[in-house]
Every structure is written in C-alpha cells, then in structure tokens.
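For clarity, every value in this text was computed on a predicted model and none was experimentally measured.
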Amino acid sequence: MLALPFFLSGRLMAQDQTMSLKECITYTLQHHPNSTIYKNSAKLAGEKIRESRSALLPSISGNVGLDYNLKLATSVIPAGSLSTNETKLQMGSKFSNTAYVQLDQKLFDRSASLDIKTSKIDKEIADLNLLKENETLIYNTASAYYEVLTYAEKGKLLRENEKQYETTVSILKLRYAQGEEKKSEYNRAKVNYNNVQFEIESNSSAYKLALNKLKNSIGMDIEVAISIKDSVTDLDVKEAPLTIGLNTFDVNLLLDFQVDKKNMDIKRLDLKQKKAAYLPTLSLYGKYGGNAYGSDFFPTLSNWYDYSVIGIKATIPLFSGFKKQSQLAQSKLSLASLELSNKLNLQTYKLNIENASTNIVSTYTNLKKAKENLQLAKEMMDASTVEYREGTATLSSLLDADYSYKEARTNYTTSLLDYLTAQLSYHKNKGTITEFVNEIK
C-alpha cells in the first residue's frame, strides 16, 4: 500500500512522454496490431509448408475392429455342384475381430511435389506482405506525425503574432485613454487581437485531434499523453532530389512488384499441377495384423492369427468426366489474365512514381517561395509595428501588413505539409520509404 502511490506516479510519468518521428515509427512496428497479424500470417504460411511436405512423408495408421455377427450371411450352392440338391450354408463365426498396422509411403506424386513448391512461394509472399504492411504503417505514422508537426509550427507563428498584437493593443489603449487615438482604431486592433486568440484556440484543438490520430496510427491508447519532440527548425526537411523520375526508378525495389512476380510463379505451378493430375502416382505400403474368430467374445480375443503384407500400388487416372480438362483450361485462362494484370500494374507503378516525382518538385518549389514570402511578410509586419508605435505609419498600413503576414503564414504551413507528404509519397512509390525514414536524424 505504501509503494502504490509511487508506482502509480511513475506509471503516469512514463505515459506522459515526448516522442520523435523515429520513436513513433519504432513504437508502431512493435505495438500496432496489424504488424502482429501479418507476422502470424507469415508463421501460418510456414506451417502450411510442413503440411504440404507431409504428403511425401511416410504415414502410419492403426485399425481395430470388433464385429458381432447377429445373423450370418447365407451362401447358396446350386444343385449339381456338390450334390444333386441345392445346398445352403452359413459360414463364419459369431465374433470376428481384426487389428492391423499399416505403413504407406509415396514413391512418386508429381502433384504433391509441386504443392510443396507452391507452399514455399506462399511463405515468401507472406513475408513480403509483412514488409508491405510495415511500409504502410511507417507511411501512416509519418503522415500523422507531419500533420501534428504542421499544427505545432502554425501555433508557434500564431503565438508570435499574438505577442505583437498584445503590445499594439496596449499602446492603442493608452493612446485612446489620453485622447490621442480614436476608439474605432482601438476597436479594430482589439478585434484582430481577438481573432488571433481565436485562431490559437482553433489550432490548439486541431493539434490535439492530430495527436489522437497519431496515437491511433502507432497503436497507442488514446488516453496516453504524448507530445512530439521535433520542430520544423530541427527536422531535416530535405531538398528535392536532383535526379528523380523513371531514370532512377528500379521497379524491383517495389514490394508490390515482387508480390506480382511471386503470384505469377504460383499460377505457373498451378498449371503444372493440373497437368500432373494426368500422371500416375506410385506408393509403397506394408501391413501387419491379425484376425480372431469364435463363438464367444472373450475366448475369441485369445485366438489370433497374424498375417503381413507388403506391396506397391500404382494409381492411374483414366477418365474423370472431363474434370481435369476443365481445371487445366481454367488454369491457363487464369495465368493469361494475371499476366495482363501485371502488365497493367507495372504501368501503374511507373505512373505513380512519375506523378510523385512531379509533385515533390512542385511542392518543394512552393515551399521555398512560401518560406521566402513568410520571411518578407514577417519583416514587413515588424517594420509596420515599429513605424506605427513611432507614429510614422497608420493603423491601416499595420493591418494590411498583418493580413499579408496571415496569408503568408497559412501558405507556408500548407506548403510545408504538402511537401513533407510528397516526400513520403515519393519514397513509398519508389520503394525506399524505409531507407528514407532511417536517414532522418
């Protein structure tokens, strides 16, 4: 009981944490349920390989039968065979018991061999899907993190503007009290000051919603209190690559393309399996058992006659009602359709990287211009504020400068989020998003 308050206090402090982008991504990959689900799928595919291999391994089965013949079957021997009259015989015992152990080993089964290869490729696809899901989790986490980062940057700029207006309103209030300024001028400045405070409250709510979205993206409970560690100044906003587009695009890096190739391999194996259905299967078997017969149950159990058998069995398919022909035709059509689908997918991958390349260049250019405009608007706002305090500028010029600053601030935060998202999209479509986030400091 004495230790409980300290334990709860430590737990609450551990929950209230500041996380960087890398820490969020690490947390996602370790705790998000989707990652565990795909890991289980990969393990499941590994177990299916063992299952398919069992078809070529020896199998041992045991069988025990205890029969009580309520009424023995009657056999009829026609007249003239053994006697001049028809003879009726009831052959058998009231109790007949059997027990045997049988070993079966396939020597040749082409279809089962191909099924093992198919299971191995299924495992490779499951592993690729796990990597794909991890990429998706990284992308979603980084996107949500950048959204929080953008609202944090906007809040920082709004608070700077609030301080300027707070000073201006204080000066106007003093001048108005001394009769040096009109009440309407003071009211206009007060309205703008209130608007900035309203924007701060609205941005604060949006920041909290974005944080909740981030927690959901990384698989964290909504009740846990977190904040982000990075800011725009210390986040490495990388410039757009000088060489981008299809010239630097290696489609083999795309996990989707790798999955497409594996699916083609499975379809080809499926076609081979359908052809293998026409081939015979060869098996070796051995059996050891015993039979017991008698008129009474318990004495019968002590009168066993053992036997043993060893042999080779060949199963030759002759006619299946055109089932195999239909299955073979379906496999050929399915393979042809998948080949066309993969060609379309390849064109889509190229289109995506081309669009992402265009977008990252465009958003980076817009970000540079927006940042320059923000700096200029900030300088104009500071200069107008000083000039107004000194009485060399009117309130209208100050409000015009403030409006330009607000517009520049909005354009900057919007272009910042657009560029950060474009970076993620470019590397995701290029297949290098994992390397990209690993390079983030």
Side-chain angles (χ1 to χ4, degrees), residues 40-70 72-73 75 91-127 262 265-294 297-332 334-335:
N40 290 340
S41 297
K43 293 178 181 177
L44 180 64
E47 292 299 323
K48 287 185 177 179
I49 294 177
R50 293 180 59 193
E51 179 185 357
S52 59
R53 284 174 176 169
S54 65
L56 296 180
L57 295 177
S59 62
I60 302 175
S61 61
N63 191 292
V64 176
L66 302 175
D67 295 335
Y68 174 54
N69 301 309
L70 295 175
L72 295 174
S75 300
M91 302 179 63
S93 300
K94 188 176 182 181
F95 294 95
S96 59
N97 305 323
T98 60
Y100 66 87
V101 177
Q102 181 167 329
L103 169 69
D104 292 279
Q105 172 64 60
K106 285 187 177 180
L107 300 178
F108 176 78
D109 190 338
R110 178 62 175 164
S111 180
S113 300
L114 293 172
D115 189 54
I116 295 174
K117 293 182 179 179
T118 301
S119 298
K120 290 181 178 179
I121 297 178
D122 283 334
K123 175 64 168 62
E124 293 173 358
I125 291 177
D127 292 336
K262 296 297 180 183
D265 293 338
I266 286 182
K267 286 297 180 182
R268 293 189 182 101
L269 286 174
D270 180 66
L271 182 60
K272 291 181 179 180
Q273 277 187 295
K274 296 303 186 293
K275 292 179 179 179
Y278 290 93
L279 300 176
T281 60
L282 188 63
S283 301
L284 173 69
Y285 68 92
K287 180 190 292 186
Y288 177 78
N291 297 321
Y293 305 97
F297 179 72
F298 288 105
T300 301
L301 295 178
S302 61
N303 297 322
W304 287 92
Y305 304 93
D306 64 339
Y307 67 93
S308 59
V309 178
I310 186 171
I312 296 179
K313 178 175 64 175
T315 303
I316 304 172
L318 298 177
F319 181 69
S320 61
F322 304 107
K323 178 181 178 180
K324 292 184 177 63
Q325 292 90 328
S326 177
Q327 291 177 338
L328 181 59
Q330 292 176 51
S331 293
K332 290 180 179 179
S334 182
L335 177 60

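Between Leu328 and Leu271 there is a side-chain heavy-atom pair separated by less than 4.5 Å. Side-chain contact between Ser113 and Leu56 is present, with at least one heavy-atom pair separated by less than 4.5 Å. Within the 4.5 Å cutoff, no side-chain heavy atoms of Lys262 are placed close to those of Lys123. The shortest side-chain heavy-atom distance between Ile121 and Lys117 does not fall under the 4.5 Å cut-off. In this structure, the side chains of Asn97 and Trp304 come closer than 4.5 Å at one or more pairs of heavy atoms. Counting only heavy atoms from C-beta outward, the side chains of Arg110 and Tyr278 never approach each other to under 4.5 Å.
Judged purely by atom type and a 3.5 angstrom limit, Asp127 has no side-chain atom pairing as donor or acceptor with the backbone of Ala42. Judged purely by atom type and a 3.5 angstrom limit, Gln102 has no side-chain atom pairing as donor or acceptor with the backbone of Lys287.
Tyr307 and Gly290 make their closest contact through CE2-N, 3.5 Å (heavy atoms, listed as atom of the first residue, atom of the second, distance). Ser111 and Gln273 make their closest contact through O-NE2, 3.2 Å (heavy atoms, listed as atom of the first residue, atom of the second, distance). Of all the heavy atoms in Ser308 and Tyr288, the pair that sits closest is CB-CD1, 3.8 Å. Contact between Ala126 and Ser41 at its shortest, heavy atoms only, is CB-O, 4.0 Å. Pro280 and Pro317 get closest at one heavy-atom pair: CA-CD, 4.0 Å. The shortest heavy-atom contact between Leu103 and Pro58 is CD1-CB, 3.8 Å.
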Review point. Could you go step by step and tell me if Glu47 and Arg50 meet the salt bridge (charged side-chain N to carboxylate O under 4.0 Å, His left out) rule?
Key: CA-CA 5 Å; Glu47 292 299 323; Arg50 293 180 59 193; 3.3 Å; yes
Practice item. Take Asp104 and Tyr285, measure what side-chain contact (heavy atoms from CB on, under 4.5 Å) needs, and give me the verdict at the end. Key: CA-CA 4 Å; Asp104 292 279; Tyr285 68 92; 3.3 Å; yes
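Taking the six-membered ring wherever Trp is involved, the centroid distance between the rings of Tyr68 and Phe95 falls below 6.0 Å.
How far CZ of Phe319 is from NZ of Lys324: 10.0 Å, rounded to the nearest 0.5 Å. Here Ile316 contributes atom CD1 and Leu282 contributes atom CG; the two are 9.5 Å apart, rounded to the nearest 0.5 Å. Rounding to the nearest 0.5 Å places CG of Asp109 at 9.0 Å from CG of Leu114. With rounding to the nearest 0.5 angstrom, the CD1 atom of Ile312 is 6.5 Å from the CG atom of Leu107. The distance from the CG atom of Asn63 to the OH atom of Tyr100 is 4.0 Å, given to the nearest 0.5 Å. Atom CD1 in Ile49 sits 10.5 Å away from atom CG in Leu44 (nearest 0.5 Å).
Side-chain contact annotation: Ser331 with Gln327, donor-acceptor N/O pair under 3.5 Å absent.
When the options Lys272, Lys274, Arg268, Lys267 are evaluated for a salt bridge (charged side-chain N to carboxylate O under 4.0 Å, His left out) with Asp270, the one that passes is Lys274.
Around CD of Glu51, the count of heavy atoms belonging to other residues, nucleotides or ligands within 6.0 Å does not exceed 12.
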